[in-house]
S.K.: 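Got a structure here, written out as structure tokens. Questions coming.
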Protein chains: 2
Amino acid sequence: MTGKLVAAELKRKGFKLTPQRRAIIGVISQSQEHLTPADIYAKLKAKHRGIGLVTVYRALNMLERSGMLCEVHIGDTCRSYLKRPSGHHHHLVCKGCGKVVDFSDCELDDLEQRVTQDTGFRIDRHLLEFLGRCPECQAGRRGKS
Amino acid sequence: MTGKLVAAELKRKGFKLTPQRRAIIGVISQSQEHLTPADIYAKLKAKHRGIGLVTVYRALNMLERSGMLCEVHIGDTCRSYLKRPSGHHHHLVCKGCGKVVDFSDCELDDLEQRVTQDTGFRIDRHLLEFLGRCPECQAGRRGKS
DNA sequence: GCCTAATTGAAAATGATTTTCATCCATAAC
DNA sequence: GTTATGGATGAAAATCATTTTCAATTAGGC
Ligand SMILES: [Mn+2]
Ligand SMILES: [Mn+2]
Ligand SMILES: [Zn+2]
Ligand SMILES: [Zn+2]
């Protein structure tokens, strides 16, 4: 999901489009990794002038509530954000460089049905993530961007 | 995994078996839900005399490092703990009462292979959780234990 | 351009977790 | 059983993340 699209969506939902929000969305949209609020703040301070960390938190909450972000749980941290491609998908996370790749076919229906039969639970949603190493990190070239 | 077994395992690994640790392991082993450090502390204060919250944190870290606990990510919180049954397994979480049921067949090999082919990642591990409602909560009887 | 509600940022408040440090005690050695 | 000792404990302080407060600013509708 490109930054322009997110901005348009924001506007459509009646949120104001401030320079700060533009900048925050820009940082998230361009990153290949999942970013913590502090990560985003650090990247912003580098380029733009004083944006408050509070504003980053508020923007993230807003974007999350609007369904325009998603979280990553496996790996180090549980609160980190990513731009959200449209539709149901899951994450493949590189434990070397932090890169996150999306994939969309999960084919868990059979398993869900079996588990439902065994337990009587009604299943609403699932969390599926893979952790591994990307080709670059396997090749030896490593390090956080 | 029963409390006795965890205690034995602790001893085997060279940790001391204190009354506090016994109590903490007992609480975790008996619970059907995932518990936050504060949850555990609250349950302990009820029965035993002054155990420090710090000690709960320290015990949890130790147990986690030793692979005797597992986490639950889907739902409200990401820092909550459960007794760990031996072997690879996953969690089915009730969003009504918090009960957690384990299941062990995940059959993600095919999907992992496909994702590996598509992306070149080497996959080390996966996180899979289902969120839903247990039979009791579906029937209407709800509420945290 | 003006108005107004939404947004911002500094600071303070809150909440969770970790560190510090003096004291205690579980266990192994005698 | 006694003793020695390193690991464990708990209160308090320190740290770290996140939220709240509030006065000042501003985006977007008119
Ligand atoms: Mn899926
Ligand atoms: Mn599995
Ligand atoms: Zn990588
Ligand atoms: Zn339930």
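Quantities reported herein were computed from a predicted structural model and do not represent experimental measurements. Below, read A as the first sequence line, B as the second, and so on, with proteins coming before strands; counting in each chain starts at 1.
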S.K.: For R21(B) versus K16(B), what's the shortest heavy-atom pair and its separation?
M.R.: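 Closest approach of R21(B) to K16(B), heavy atoms only: NH1-O, 2.9 Å.
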
S.K.: Using only side-chain N and O atoms of N61(B), determine if any of them is under 4.0 Å from OP1 or OP2 of dT18(C).
M.R.: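 So the side-chain polar atoms of N61(B) do come within 4.0 Å of the phosphate oxygens OP1 or OP2 of dT18(C), strictly under.
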
S.K.: Does the plane of the ring in F103(A) sit parallel, tilted or perpendicular to the ring in F130(A)? Use 30° and 60° as the thresholds.
M.R.: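 If you compare the ring of F103(A) with that of F130(A), the planes turn out parallel.
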
S.K.: Counting primed atoms plus P, OP1 and OP2 as sugar-phosphate and everything else as base, spell out the protein contacts along nucleotides 22-30 of chain D at 4.0 Å heavy-atom distance: B, S or - for each nucleotide, 5' to 3'.
M.R.: -----BS--

S.K.: What is the separation between atom OH on Y41(A) and atom P on dT19(D), rounded to the nearest whole Å?
M.R.: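 For the pair Y41(A) OH and dT19(D) P, the rounded distance is 16 Å.
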
S.K.: Look for any protein N or O under 3.5 Å of an N or O in nucleotides 14-16 of chain C and output each such pair with its distance, or none.
M.R.:
none

S.K.: Would you mind telling me which residue lines up with the more 5' stretch of DNA chain C, M62(A) or P37(B), judged by nearest nucleotide?
M.R.: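 Its nearest nucleotide being more 5', the pick is M62(A).
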
S.K.: Please determine, by modelled atom types, if H126(A) and E112(A) share a side-chain donor-acceptor pair under 3.5 angstrom.
M.R.: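 H126(A) vs E112(A): donor-acceptor pair found between side chains.
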
S.K.: Would you check, one step at a time, whether the test side-chain contact (heavy atoms from CB on, under 4.5 Å) holds for H91(A) with C70(A)?
M.R.: CA-CA 10 Å; H91(A) 298 139; C70(A) 46; 3.5 Å; yes

S.K.: Rounded to the nearest Å, what distance is computed from the NZ atom of residue K45(B) to the C1' atom of nucleotide dG10(D)?
M.R.: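 Taking atom C1' of dG10(D) as the reference, NZ of K45(B) is at 14 Å.
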
S.K.: Mark yes or no for whether Q138(B), through its side chain, and G120(A), through its backbone, hold a donor-acceptor pair below 3.5 Å.
M.R.: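 Present.
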
S.K.: Would you kindly give the CG-to-C1' distance between L53(B) and dA13(D), to the nearest whole Å?
M.R.: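 Between C1' of dA13(D) and CG of L53(B): 15 Å.
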
